[in-house]
Enquirer: 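First, the structure itself, so that you have it in front of you.
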Amino acid sequence: MSQGIAERARLLREQINHHNYRYYVLDNPEIPDAEYDRLYRELEALEAAHPQLVTPDSPTRRVGGKPLESFAPVAHRVPMLSIHTETDIEASGALNFDARVRRELKLKDSDPPIEYACELKFDGLAINLRYEQGVLALAATRGDGETGEDVTQNVRTIRCIPLRLDTPSPPPVLEVRGEVFIPRPDFERYNEKQRESGGTPLVNPRNGAAGSIRQLDPAIAAQRPLSFYAYGIGETAGWETPASHSGLLDALRELGLPVSGERAVVQGPQGLAAFHDDIGRRRDSLPFDIDGVVYKVNSLALQAKLGFVSREPRWAVAHKFPPEEELTVVEAIEVQVGRTGALTPVARLKPVFVGGVTVSNATLHNQDEIDRLDVREGDSVVVRRAGDVIPEVVAVVKDRRPQPEPARFQILQRYPACPVCGSHVMRQPGEAAIRCSGGLYCPAQRKQALLHFASRRAMDIEGLGEKLVDQLVDLGLVRTPAELYKLGVAKVANLERMAEKSAANLLAAIEKSKRTTLARFIFALGIRNVGETTAKDLARHFGSLDALLAADADTLMQVPDVGPVVAESIAQFFAEPHNREVVEQLRAGGVSWPETAPQRKPLGALAGKTFVLTGTLPNMTRDEAKDRIEAAGGKVAGSVSKKTDYLVAGAEAGSKLLKAQELGIAILDEEALLGLLRPEAQGKLDF
DNA sequence: TGGCCTCGAGTTCA
DNA sequence: CTCGAGGCCA
């Protein structure tokens with residue numbers, strides 16, 4: 001064995017002990033759990049390969065951290081063990097566990113599948129509740145598994161934990177084991193309140209739970225929205241233990257203890273894998289954080305037969321999901337210039353695998369966010385990506401900041417001029433954003449304006465994407481949207497990857513876009529504060545472009561949902577001679593739409609009705625459904641509220657459906673929607 | 001003036 | 001999808 005390996009093991013032990021202390025004692029970890037797990041696994045592997053390296057005080061030799069001296073120590077009558085973590089994150093982890101169990105039980109392939117109880121692995125703090133004669137007598141943390149801390153006072157404040165078991169004939173002794181945690185919605189609400197009152201918010205639900213249980217003052221613990229789920233038992237006396245794990249949980253629930261409903265009894269390895277997949281899919285919609293699932297052999301008799309390896313049961317395993325938080329390094333902070341000229345800071349990250357994808361960029365939104373996080377270039381940061389949510393920088397690990405410290409990051413200081421066009425940048429009073437003053441002179445803004453103009457909901461020029469726009473602008477071929485309509489084969493042929501076929505396709509798409517609607521045209525202009533909906537309102541209200549061009553701010557305010565701010569944006573846009581010129585060039589270039597008489601009230605079968613769409617409809621895209629509802633005079637809103645008349649729900653409908661049900665809003669499927677859209681349904685709307 | 005409700009705008013990766 | 005802010009109504 002080389003000197004290097006012994007040294008590495010020593011270093012790992014030191015680090016792990018340090019992080020244990022931060023995590024368990026101070027409740028103030030420096031690194032994400034995944035990083036800690038990696039250190040721990042490396043040490044485990046090292047010790048497995050070189051048993052002579054194992055020292056009695058190695059962190060792998062105990063389950064948790066040191067009990068706090070200020071709480072009375074409690075010796076567990078039955079040790080609180082930890083569960084082995086399946087290293088294989090893929091579904092095959094479930095198969096490995098089943099194979100090990102079958103081998104241990106010396107089963108043949110022809111023997112029937114084993115029955116398992118599956119449950120969630122909560123991300124909280126393990127607790128032992130001791131009921132004597134049915135009364136909660138003692139609550140203790142796990143500690144090192146043998147000895148924990150007496151936290152009875154704090155645990156008594158958790159409302160979902162019964163102080164007395166719900167049975168006329170309680171057993172003399174029943175120890176219940178489970179996890180204390182903070183549900184996510186409660187966590188958000190608590191932090192919201194803390195921020196409002198100027199208090200310190202909790203870092204995350206996991207630390208919030210651990211920290212609250214370790215509060216010396218039970219009054220503080222009582223303020224925290226703690227919750228509890230039972231998942232097992234410790235010492236019992238005079239209690240008739242059920243024959244299976246699932247039966248045991250049922251019995252605990254009968255006694256009034258909270259048991260998670262997210263559990264299942266399954267047969268064989270496929271059942272385990274199916275449970276893992278199902279929970280993995282729903283992980284982000286669960287109201288609490290979990291870091292995986294747990295499989296247990298359901299029969300307690302089989303459990304006894306399987307026994308333990310060192311300190312871990314052979315009959316249970318934890319199967320984790322990919323981490324949702326990871327540690328990485330901010331290699332640089334750059335800015336992007338958007339359509340409105342806003343300078344948006346972006347953290348360029350050392351690529352890191354988190355939440356199932358590799359993340360290399362994360363927006364920092366604005367200077368306020370940079371200040372809040374105090375993120376600097378070179379910092380180590382915690383990146384979180386849950387489900388489909390866009391990755392975010394959660395926190396900076398200050399202890400890992402490079403020395404000497406990099407300066408605080410100030411966008412204005414670093415970018416006194418726009419990085420794209422060199423125009424000066426400024427922060428308007430009352431606005432969070434810093435903007436480039438270059439307007440359409442700035443190539444970045446010009447590119448964004450063109451992309452917006454060509455986008456699907458605007459002029460819908462198919463195939464005119466970012467790469468093409470970059471080239472058109474960089475080569476100076478197109479400076480305004482109007483110049484798109486002056487492109488010929490000769491110019492397009494200059495572009496990369498643009499041979500005859502693609503050039504013809506692009507020109508055809510541009511040609512096709514000439515026939516459009518007034519609403520699309522107004523939206524395409526990219527007027528500040530005028531989105532799709534406002535553009536439609538304007539088109540309907542004025543009926544023609546000339547009427548809109550002639551309107552002053554006061555006239556504009558007569559349009560529903562247009563107030564002083566939006567009216568001013570529109571008036572300013574058309575007061576700019578350059579913008580009027582582009583509009584005229586577009587019309588001269590052949591862009592046209594059917595003009596109508598001004599319409600001050602929507603007409604049609606669905607006039608005055610508000611719809612919300614959710615999920616996937618069988619035979620229609622969302623856009624089609626939206627168009628048809630609007631064609632019939634209805635309005636399509638983005639979210640459900642009291643004002644919603646109908647929710648159109650397709651497959652995989654999510655939270656909107658729930659909300660609509662709560663509010664008692666009529667729910668339609670595709671067929672019912674088509675029924676409303678059919679002409680003969682007119683007049684039948686208000687049943 | 002305060003409290004909904006919407007709309008607009010910005011954003012990541014495969 | 002989510003945040004911030006504009007607009008409307010009580």
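So you know, we letter chains A, B, ... as the sequences are listed, proteins then strands, and number each from 1.
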Enquirer: Any side-chain N or O of A:Thr534 under 4.0 Å from OP1/OP2 of B:dG8?
Expert: yes
Enquirer: More 5' along DNA chain B: A:Ser360 or A:Thr610, using each one's nearest nucleotide?
Expert: A:Thr610
Enquirer: In chain order, what residues pass the ring pair (Phe, Tyr, Trp, His ring centres under 6.0 Å) check against A:Phe523, with sequence neighbours excluded?
Expert: A:His452
Enquirer: To the side chain of A:Pro391, which of B:dT12, B:dC5, B:dC7 is closest?
Expert: B:dT12
Enquirer: Taking for each residue the nucleotide of DNA chain B bearing the nearest heavy atom, is the 5' side occupied by A:Thr340 or by A:Asn361?
Expert: A:Thr340
Enquirer: Once salt bridge (charged side-chain N to carboxylate O under 4.0 Å, His left out) is applied, do any residues pair with A:Asp627, and if so which ones, sequence neighbours excluded?
Expert: none
Enquirer: Less than 4.0 angstrom between a side-chain N/O of A:Thr344 and OP1 or OP2 of B:dT11, yes or no?
Expert: yes
Enquirer: Parallel, tilted or perpendicular: which one describes the rings of A:Phe122 and A:Phe181, with boundaries at 30° and 60°?
Expert: parallel
Enquirer: Could you pull out all residues at least two apart from A:Phe574 that satisfy ring pair (Phe, Tyr, Trp, His ring centres under 6.0 Å)?
Expert: none
Enquirer: What is the distance, to the nearest angstrom, from the NE2 atom on A:His365 to the C1' atom on B:dT11?
Expert: 8 Å
Enquirer: Nearest whole angstrom, please: distance from the C1' of B:dC7 to the CZ of A:Phe523.
Expert: 11 Å
Enquirer: Sort out for me which residue in A:Lys609, A:Lys536, A:Arg540 forms a salt bridge (charged side-chain N to carboxylate O under 4.0 Å, His left out) with A:Glu630.
Expert: A:Lys536
Enquirer: Show me the side-chain donor-acceptor pairs of residues 342-358 of chain A shorter than 3.5 Å, one per line, residues at least two apart or across chains.
Expert:
unit_1	atom_1	unit_2	atom_2	d
A:Arg348	NE	A:Glu334	OE1	2.9
A:Arg348	NH1	A:Asn361	OD1	2.6
A:Arg348	NH2	A:Glu334	OE1	3.3

Enquirer: If I take atom CZ in residue A:Arg348 and atom C1' in nucleotide B:dT11, what distance separates them, rounded to the nearest angstrom?
Expert: 12 Å
Enquirer: Can you tell me if the side-chain N/O atoms of A:Lys642 get under 4.0 Å from OP1 or OP2 in B:dC4?
Expert: no
Enquirer: Starting from P on B:dG8, measure out to CZ on A:Arg457 and report it in whole angstrom.
Expert: 11 Å
Enquirer: Tell me: CD of A:Glu369 to P of B:dT11, nearest whole Å?
Expert: 13 Å
Enquirer: Using side-chain hydrogen bond (donor to acceptor under 3.5 Å, both in side chains) as the criterion, list what pairs up with A:Asp278, not counting sequence neighbours.
Expert: A:Arg282
Enquirer: How long is the line joining NE2 of A:His452 and P of B:dG10, in whole Å?
Expert: 10 Å
Enquirer: Check every strand shown and say whether A:Lys635 touches a base, only sugar-phosphate, or nothing at a heavy-atom separation below 4.0 Å.
Expert: sugar-phosphate
Enquirer: Within less than 4.0 Å of OP1 or OP2 of B:dA9, is there a side-chain N or O belonging to A:Arg339?
Expert: yes
Enquirer: How long is the line joining CZ of A:Phe611 and P of B:dT6, in whole Å?
Expert: 14 Å
Enquirer: Pull out every protein N or O sitting under 3.5 Å from an N or O of nucleotides 6-10 of chain C, one pair per line with the distance.
Expert:
unit_1	atom_1	unit_2	atom_2	d
C:dG7	OP1	A:Gly563	N	2.6
C:dG7	OP1	A:Gly563	O	3.2
C:dG7	OP1	A:Val566	N	3.1
C:dG7	OP2	A:Val565	N	3.3
C:dC8	OP1	A:Asp561	N	3.0

Enquirer: How many whole angstroms separate atom CD of A:Glu466 from atom C1' of B:dC13?
Expert: 13 Å
